[in-house]
Structures are given as structure tokens and as C-alpha cells.
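Just so it is clear, the structure is predicted and the values come from calculations on it, not from any experiment.
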Amino acid sequence: MKAQRYLKIAMAGATAILISLSIASRTEAAVGDLDLRFGNGGKVVTEFSTDFDEARAVAIQSNGKIVAAGNAFNSSTGNYDFALARYDKNGNLDNSFGNNGKVTTHLSGNTPAPFPTVETAKAIAIQNNGRIVVAGTGFNGSTGATDFAVLRYLSNGRLDRRFGQHGIVLTDFGGINARANSMVLQPDGKIVVAGTLERTFTQPDFVLVRYNTDGSLDSTFGDNGKVFTDVSRGIEEANAVRLTPDGKILVGGEAFIECPGLSCGASNFVLLRYNANGGIDSSFGNGGVVTTDFDIRDGITALDIAPNGKIIAGGFADRLCSGPGCPRFALARYNVNGSLDTTFGDGGKVTTQLGDTSQITAIAITAGLPTAKIVVAGYFQERRVCGAATGDIFPCDFALLRYNWDGTLDTSFGTGGKVFTDIGNGTQDQAFDLAIDERGQIILAGNGGGNFALTRCLGISKCERAEKRY
């Protein structure tokens, strides 16, 4: 009996040690680490085809499910179609959505072209009623040009036939190529899409289009729903759109300057602000336009707006060189009127060098000013120069960085504020979008090894989560 009692005590002690070790192993996970409860070690890879597929946007439903959108290869046409995938909170494909969690859409009017066309979703948003809206670029078989494409899906992945033509809206610009790059939903349900119109190869324009809730063009906005802005005499690209707290529309991108002299080919960060009716807001910057110079070629690829109205713009600053810092992550913060916020970084600007080339693709501001954090996603790549004019491209990795509100890197996050993730074991892995869930965890979406790829990182510690519950 005594031996059995000692055996029970020993077993209880061993169990306690194992429990302690288990708890210790769980609490060792640091902010920025991959969330091992998600997918396979914090990563999820979804294959649509044997060719190249990629996620370009991600959103989180009110029930915590994750929807990613992008493109997938269509072997029957040789083109690329809109593609969506939905996952549960653990990163498993949601079998109640589409075909075992996946949906592909071959757009109306798209006939096999004499060359491969890439139709891709670039933005996604979840409406209050649970319907899923995606925006991007589609091929118009009638004109041979690319159009703005907006699609709406029901919560089960089927196209919403009450939206546009059986769930699809293609917006034609007179046979001129157009690319839709970003989208935002207004509180009234109207849809604003921003992109670029290639009037000529060297002189495209910024374009905004606003749609009613049924997909029809909003005739109260601009010229029958469309607004065109010629920012400069060179190449222009509108990459991001957001709504300000007072309902104005902010667009960020790149404006290329073509002129005689050594400065030819230079471009800057460009911000434009519009009133709710589509008219330019002349109270912002210089007649509604703000430009910011970092280096030779600079561009905004992502935007977010803080609750106090301050604007964070992120993208790239490029010296047009080969080697470290070409290009770099670039951030700028602006006051409500468009002036640079000099309390941020160096006179309102921050650059971060990652490898030989890197670019920000998405930004999110966490709640809680003035202690808010700025989370940015993108990718970085190493490059080896093999002679005067050639080089071998090294693999890309997902890049996730977190900055303090003053623009310094948050050293409590990852390694010195940085987290790099290799998805496809030495392939070209690129993160294009991010979302933060209700627990503060950070989800990245992009391409990994030529497939849809998602990662989830710990955005706050377990202690912080516990504090938020009380």
C-alpha cells in the first residue's frame, strides 16, 4: 500500500512537471512569433492549380472566418481567373464555402485572348449582411481591354445575382485599359474603387469609381460615377483608397515625373483627397494634392487613417540602383491638412532597409493612441550582382514589421521589430495584404511557392489578452 502511495505521488509529481513544461512552452511564444495553432506551424498554403496562384487581399468575417482573394490559373483558357478561399479560425479550408472552401470565377465577356490575361482580385471587403465584395481587374472580350471588375458573393461563395449582371460588374472606359487596385465600402453601403486608366502608356490618370449597393454606377459621384485626375505629366498609379473620419475619400499612389534633366524618371508619394461628391478637396495640401519626395522613385502602395485623422502612407523609396536599399520600406505620416507630421520619424518620414529590395504592401494601425502601433506587411529579397548588367534573383520572404507611434521600430516585436517568414522553401514568397483579428493576431496573405499563402503571427501577448478581458 505504501509503495502504491509513493508511486501515485511520483506520478502526480511527474504530471505536474509535464504540465509546467507545457505551460512554459506555451508562454515562451513571443509577440511576432508564428501562431502554431494556425495551419501548419502558423502557415497555410492552398493550391488552386498546378500553375501560379496567389492571394492579393484578405478580410475577416464577423464570425472570425478568413476570406482571401486573388487569382488562379485556368487551364481551359490559359488565363487567370478571380479566386477566393475561406478558412476557419484555425486555418482549415471551410467546406461550406464554394467547392471545399475554394471559388474561382471566369468573368462574363472574357473570351480566350491571343495572349494570356491575368484577371485578379486586388481588394476584398465584407458587408454588414455578410456578403463578400471583391474588386480588381478583368478582361473585356468585346473591346480587348482590361476593365474595373467588382464581384459580390453570398456567404456560401455563390455569386450574388442581385448585384450587377449575375453578381459581376465590369466597368468599361471606352476600350482603354484600366486597373482597379483598391476598394473601400462607405457606411451607406456604396462601393468606392480606385485605380489607373492608361490613356497613353506614358500618361495614365488616377481613376475613382463609385457604385451603388446593387452595382450600378452612382450618378451623384463625379461624371456619372467616375472621376479622373491627371496628377502629373508622367506615369501615375493609384494604389490605395481610404475614407477619412469625416467621410472624404483619400487616394494614395505614385506620380512619375517626365522632364528634361537628371531628375527625369523620378516619382513621389502622392496623396489626393476628394469630397464626398467626387470633387477634389482644395483644402488638402496644394489644391487637393500632396507629394512627398524620398529618393529617385517613390510610391505609396498602402494607406491607413488613425482615429484622430492622421494619415499613414507606406510604400517604397528606390534609388534605382543594384544592392542594399534598392528599394526600401518607406513610411510617411501626415496631419489632417496634408502637411507632414514632424513628430514622426525624420521630419515625418521613415525608411527601413531590408535586404537588397523591399516594398510595403499593406498597413494597419492598432487601436489605442498615443500608444498605437503601426503594422506593415510586404516582402524583401536578396539579389546577387553577377556582372555589370545581370543578376540572379534570390528568393523573397514575407516581411512583417511593427513600428511605434513615433516611427521607431518596436523592438518588443519579433527580432528588433521585424519578422521574416519563408513559405515555399526558397521560392518567391510575397505578402500583399494583412488583417488583424479580434484577438490582435496578425494575418498575412500573399503567394508562397506559387500558391495562396497565409500566415498568422501573435500580435499581443497572452498577458495582454488577459488584461483586455478585464
Side-chain angles (χ1 to χ4, degrees), residues 30-34 239-240 252-254 266-271 292-304 306 310-334 340-366 371-383 393-422 428-434 436 442 444 446 455 457-459:
V31 176
D33 286 354
L34 286 171
N239 294 317
E254 172 187 3
S267 66
N268 293 329
F269 271 35
V270 176
L271 286 172
T292 305
D293 181 31
F294 282 83
D295 224 310
I296 298 175
R297 185 188 173 200
D298 317 315
I300 293 172
T301 51
L303 285 174
D304 204 2
K310 290 196 175 185
I311 302 159
I312 295 286
F316 60 89
D318 193 355
R319 297 172 185 155
L320 296 182
C321 57
S322 193
C326 309
R328 297 157 290 157
F329 272 29
L331 287 167
R333 191 165 73 202
Y334 303 88
L340 279 168
D341 179 3
T342 56
T343 67
F344 179 78
D346 183 8
K349 300 185 286 186
V350 169
T351 59
T352 304
Q353 178 180 318
L354 304 176
D356 286 348
T357 181
S358 55
Q359 179 175 314
I360 291 172
T361 54
I363 294 177
I365 300 171
T366 65
T371 58
K373 306 291 185 180
I374 303 164
V375 181
V376 304
Y379 55 88
F380 86 103
Q381 183 177 60
E382 300 287 357
R383 178 169 49 197
I393 301 301
F394 276 19
C396 293
D397 286 339
F398 278 27
L400 177 63
L401 278 67
R402 195 165 77 178
Y403 297 84
N404 297 309
W405 190 240
D406 62 2
T408 57
L409 280 166
D410 177 10
T411 56
S412 70
F413 183 81
T415 302
K418 308 170 188 176
V419 174
F420 304 125
T421 306
D422 179 21
Q428 302 289 322
D429 306 328
Q430 296 172 294
F432 291 113
D433 199 11
L434 72 84
I436 300 177
I442 305 164
L444 300 189
T455 63
C457 294
L458 303 176

Legend entry - Where I436 and A364 come nearest, the two heavy atoms and their spacing: CD1-CB, 3.9 Å
Legend entry - Results of side-chain contact (heavy atoms from CB on, under 4.5 Å) for T343 - residues two or more places apart only: K310, R333, D341
Legend entry - Test item: Y379 and L354 side chains (from C-beta on) under 4.5 Å apart, heavy atoms: no
Legend entry - Min side-chain heavy-atom separation F420-T415 under 4.5 Å: no
Legend entry - Value rounded to 0.5 Å, distance of CG in D304 from CD1 in I365: 4.0 Å
Inset, instruction - Provide the closest heavy-atom pair for G378 versus A431 in the form atom of the first, atom of the second, distance. - result: O-CB, 3.3 Å
Inset, instruction - May I ask you to test the W405-T371 pair for a side-chain heavy-atom distance under 4.5 Å? - result: no
Inset, instruction - Hey, could you give me the CG/CD distance between D397 and Q428, rounded to the nearest 0.5 Å? - result: 9.5 Å
Legend entry - Point-to-point distance, once rounded to the nearest 0.5 Å, from CZ of F316 to CZ of R328: 11.5 Å
Legend entry - side chain to side chain donor-acceptor pair (under 3.5 Å) partners for Y403, two or more places apart: T352
Inset, instruction - Indicate the atoms forming the closest heavy-atom contact of I363 with G314, along with that distance. - result: CD1-N, 3.2 Å
Legend entry - Sub-4.5 Å side-chain heavy-atom contact between I374 and F344: yes
Legend entry - Check: T408 main-chain N/O paired with D406 side-chain donor or acceptor under 3.5 Å: yes
Legend entry - Whether T361 side chain and A377 backbone form a donor-acceptor pair below 3.5 Å: yes
Inset, instruction - Report yes or no: does D429 contribute a side-chain atom to a donor-acceptor pair with the main-chain N or O of F398 at less than 3.5 Å? - result: no
Legend entry - Listed partners of K373 passing salt bridge (Lys or Arg N to Asp or Glu O under 4.0 Å), at least two apart: D410
Inset, instruction - With sequence neighbours left out, write down each residue that passes side-chain contact (heavy atoms from CB on, under 4.5 Å) with D298, or none if nothing qualifies. - result: N268, F269, D293, F294, D295, A317
Legend entry - Within-4.5 Å side-chain heavy-atom neighbours: L303 and L271: yes
Inset, instruction - Report yes or no: does R402 contribute a side-chain atom to a donor-acceptor pair with the main-chain N or O of G459 at less than 3.5 Å? - result: yes
Inset, instruction - Only counting residues at least two apart or in another chain, list the ones meeting side-chain contact (heavy atoms from CB on, under 4.5 Å) with T342. - result: none
Legend entry - Taking every non-hydrogen atom, the tightest pair across I300 and A313: CD1-CB, 3.7 Å
Legend entry - Spacing of L409 atom CG and F329 atom CZ [to the nearest 0.5 Å]: 10.5 Å
Legend entry - Side-chain heavy-atom pair L400, V375 within 4.5 angstrom cut-off: yes
Inset, instruction - Determine, stepwise, if the pair F380 / L401 fulfils side chain to side chain contact (heavy atoms under 4.5 Å, CB included). - result: CA-CA 11 Å; F380 86 103; L401 278 67; over 6 Å; no
Inset, instruction - Not counting sequence neighbours, which residues clear side chain to side chain donor-acceptor pair (under 3.5 Å) with E254? List them please. - result: S267, R297
Inset, instruction - Kindly compute the distance separating OG1 (T292) from CG (L340), expressed to the nearest 0.5 Å. - result: 4.5 Å
